[in-house]
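Order of listing sets the numbers, starting from 1, for every ligand and every atom in it. One-based numbering along the sequence shown.
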Amino acid sequence: MTNRIHILNGPNLNLLGEREPDIYGVSSLKDIENNLVTFANRNEAEVIFRQTNHEGELIELIHEAGKNGDGVIINPAGYTHTSIALYDALLALNIPIIEVHISNIYKREKFRHSSYVSMAANSVISGLGVDGYTVALESMLKNLNSN
Ligand code: CA2
């Protein structure tokens, strides 16, 4: 069966590869998307890859994932630490959720140490760099295919 995984990215992640390479690496968001689509194609899965700088739009994308997706991988970026609305949207899903952070949020400023999203997520990956997305997709597909 082909699983459809929504991979959602929050604010400022469109800047990946352009600034702060010491924290976020040199890959662009398009590079990440291409890698994940290749991985999905090899594993008979489909990836819907999105980025938005707007909280309401990210919530709409979560709703869409709940309607037609088999799993969600989300890097909520700055909204991780602030958004109860995002947390509520994720709580309403009945498909698996993996939260991904490129950087190790626990090694950074204290305000990044808490995540509303983690309370709704099945799993959290933080600090693996952009490989975290691929690890998340691999694990998601493995779990979906074993059920
Ligand atoms: O480590 C992550 O993936 C974060 O979710 C990234 C967020 C940050 O607010 C979280 O605490 C951790 C920031 C995304 C901003 O991305 C940029 C990329 C390049 C240049 C500037 C910002």
Side-chain angles (χ1 to χ4, degrees), residues 3-43 45-66 68-144:
N3 286 302
R4 185 183 293 131
I5 311 303
H6 289 241
I7 304 181
L8 309 180
N9 294 280
N12 299 307
L13 287 164
N14 54 309
L15 299 175
L16 278 178
E18 290 174 27
R19 301 191 205 143
E20 302 194 62
D22 43 322
I23 302 176
Y24 300 115
V26 294
S27 300
S28 68
L29 202 62
K30 193 69 198 168
D31 294 333
I32 297 171
E33 177 177 7
N34 289 341
N35 282 341
L36 293 167
V37 168
T38 302
F39 186 90
N41 288 341
R42 286 194 191 126
N43 289 279
E46 185 190 347
V47 153
I48 312 282
F49 192 90
R50 301 272 188 266
Q51 188 272 334
T52 175
N53 291 323
H54 305 280
E55 186 175 11
E57 195 177 338
L58 192 52
I59 289 167
E60 302 278 7
L61 292 174
I62 292 168
H63 294 171
E64 192 185 317
N68 66 24
D70 299 297
V72 173
I73 294 169
I74 183 165
N75 183 346
Y79 293 137
T80 306
H81 320 294
T82 62
S83 179
I84 294 170
L86 203 65
Y87 168 55
D88 285 337
L90 290 166
L91 272 188
L93 294 184
N94 53 14
I95 53 175
I97 301 164
I98 303 182
E99 175 184 355
V100 170
H101 297 286
I102 297 167
S103 63
N104 177 356
I105 57 173
Y106 302 102
K107 218 178 165 185
R108 302 183 64 189
E109 304 96 323
K110 204 155 186 202
F111 67 83
R112 295 188 203 274
H113 297 185
S114 82
S115 164
Y116 286 108
V117 170
S118 296
M119 292 189 287
N122 298 77
S123 320
V124 183
I125 296 171
S126 181
L128 284 186
V130 298
D131 289 350
Y133 287 90
T134 317
V135 172
L137 182 58
E138 184 175 14
S139 168
M140 177 76 76
L141 296 177
K142 199 169 166 184
N143 283 322
L144 287 171

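The protein residues lying under 4.0 angstrom from ligand 1, judged by non-hydrogen atoms, are Pro11, Asn12, Leu13, Leu15, Leu16, Arg19, Glu20, Tyr24, Asn75, Ala77, Gly78, His81, His101, Ile102, Ser103, Ile105, Arg112.
A donor-acceptor contact closer than 3.5 angstrom links the side chains of Ser83 and Glu55. Judged by distance alone, the side chains of Asp131 and Thr134 never bring a donor and an acceptor atom under 3.5 Å apart. Donor-acceptor pairing under 3.5 Å is recorded for the side chains of Tyr133 and Asn9.
In this structure, Ala40 and Val47 approach most closely via the heavy-atom pair CB-CG2, 3.6 Å.
Residues satisfying the side chain to side chain donor-acceptor pair (under 3.5 Å) criterion with Glu60, sequence neighbours excluded, are absent altogether.
Using a 4.5 Å heavy-atom cutoff, the side chains of Ile95 and Asp70 are not in contact.
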